[in-house]
Protein chains: 2
Amino acid sequence: MTEPRWLTDDEREAWLRLMAVTMLLPNRLEQQLKRDAGLSHFEYYVLAMISECADRSLALTELASRTNSSLSRLSHVIARLEAQGLLTRAASPRDGRASIATLTDAGWAKVLASAPGHVEEVRSVVFDALSARQVSQLSDICGRMLATLDPHHRLLGLG
Amino acid sequence: MTEPRWLTDDEREAWLRLMAVTMLLPNRLEQQLKRDAGLSHFEYYVLAMISECADRSLALTELASRTNSSLSRLSHVIARLEAQGLLTRAASPRDGRASIATLTDAGWAKVLASAPGHVEEVRSVVFDALSARQVSQLSDICGRMLATLDPHHRLLGLG
DNA sequence: CGGTTTTAGTTGAAACGTCAAGTTAGCGGT
DNA sequence: ACCGCTAACTTGACGTTTCAACTAAAACCG
């Protein structure tokens, strides 16, 4: 085996910081949502994804793609959310295998009530600290990384 | 309650991408380390942090800060790593409450063996996709976010 | 000193995520 | 129409993380 290509000092610095962000940011969002809405970030994200679809409905496989979760994990979470009355599951009329999750009025209300606090948190942690130019740089940089991490754009909507 | 400050289109785009990265990147690292070293990313990070200290030793509270974990989580993980013979726990001579974790030779060897593959993965996902200028931008941007996320620099060494 | 508070860590139970196995429905070829 | 194969989940067991309660040592303080 060959000598590994170690990181330069600049790369190492950038890496440690990126690492710190990926460790701290999810925690931060988690805490805010748990405290103010009683939802985990993943639960919120699931509800938010469904809420943006026509009829507030989405098939589980598609939902799993967009939330970067296994079908198994999603199935467990959907069961919990259903038990809380935030959504319902129904068989697809088109495909007997598929389940379609639909937000209830309570689920819709939950999203409406939770979104402002969540956005405020995102803004205060990320965007209040960055210039418009930096926002654009960040977008480009993440786009580059996603070319490797998510070559088929499974997460960003257009499956 | 007042109307929330929603995100602009550019901010929204940047946010979705950053989100995608923070969801996908940990997964990627996890898989590589699990496959090639039989360690979770957190376990690897714990061992790596200790390995960089004098005497390959570090007190648990300090380690918890640097790995962004609760003491409880760390305690469980340290117990598992100790059971695998990768490190040992000992009471601090200075402070009777403190435990100090020290890498064994096997633990040190594990870090040495695992690091190259891990660095290669980091390089292939992050740095191969970025120009030198973008690396510097990323570093700045993350630094800005960390001013809010980690104001006391708990993660980046100089506690 | 002696009592209170704070810090460091451990432990066990509950919650959550992952993994492997199973079920049912569509699909492709013959 | 039938057989095998794949896709879309579901389920239960297992491992990990979190949470709350606990112990013990140090620090503070009058």
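To find a chain, count down the sequence lines: A is the first, B the second, and so on, and within it residues start at 1. What's counted below: heavy atoms across the whole structure, side chains too, no hydrogens, waters or symmetry copies.
- In terms of phosphate contacts, S75(B) brings a side-chain nitrogen or oxygen within less than 4.0 Å of OP1 or OP2 of dT10(C).
- At dT17(D), one or more side-chain N or O atoms of R80(B) fall inside 4.0 Å of OP1 or OP2 (strictly under the cut-off).
- Here dA25(D) is the nucleotide among dA25(D), dG9(C), dC9(D) with the atom lying nearest to any side-chain atom of R97(B).
- Between dT16(D) and S40(B), no contact under 4.0 Å exists linking OP1 or OP2 to a side-chain N or O.
- Side-chain contact between R56(A) and S51(A): absent, with no pair of heavy atoms (C-beta onward) separated by less than 4.5 Å.
- Contact annotation: side chain of H76(A) to base of dG12(D), donor-acceptor pair present below 3.5 Å.
- L71(B) has its CG atom 12 Å from the P atom of dT7(C), to the nearest Å.
- Along DNA chain C, the nucleotide closest to S70(A) and the one closest to P93(A) are compared, and the more 5′ of them pairs with S70(A).
- Base engagement by S72(B) is indicated by at least one non-hydrogen atom pair under 4.0 Å involving a base atom.
- Atom CD1 in I78(B) sits roughly 16 Å away from atom P in dA8(C) (whole-Å rounding).
- The existence of a salt bridge linking D128(B) and R5(A) is confirmed by a sub-4.0 Å separation between a basic side-chain nitrogen and an acidic carboxylate oxygen.
- Taking atom OH on Y45(B) and atom C1' on dT16(D), their separation rounds to 20 Å, with Å as the unit.
- Here dG17(C) presents its C1' atom at 10 Å from CZ of F42(A), a figure rounded to the nearest Å.
- Of the side-chain N and O atoms in R89(A), one or more sit less than 4.0 angstrom from OP1 or OP2 of dT10(D).
- Between M49(A) and E62(A) there is no side-chain heavy-atom pair separated by less than 4.5 Å.
- Under the 6.0 Å distance and 45° angle rule, R73(B) counts as a cation-pi partner of F42(B).
- Classification of the H41(B)-Y44(B) ring pair by plane angle, with boundaries at 30° and 60°, yields parallel.
- Taking side-chain N and O atoms only, R73(B) has no distance below 4.0 Å to OP1 or OP2 of dG9(C).
- In this entry the distance linking NE2 of H41(B) with P of dT17(D) reads 13 Å, nearest Å.
- Across dT10(D), dG9(C), dA25(D), the shortest atom-to-atom separation from the side chain of T61(B) is found for dG9(C).
- Straight-line distance from the CG atom of L63(B) to the P atom of dA8(C): 13 Å, rounded to whole Å.
- Distance CG (N68(B)) to C1' (dT18(D)): 14 Å, rounded to an integer number of Å.
- Straight-line distance from the CD atom of E62(B) to the C1' atom of dA8(C): 13 Å, rounded to whole Å.
- The side chain of S99(B) contributes an N or O atom lying less than 4.0 Å from OP1 or OP2 of dT10(C).
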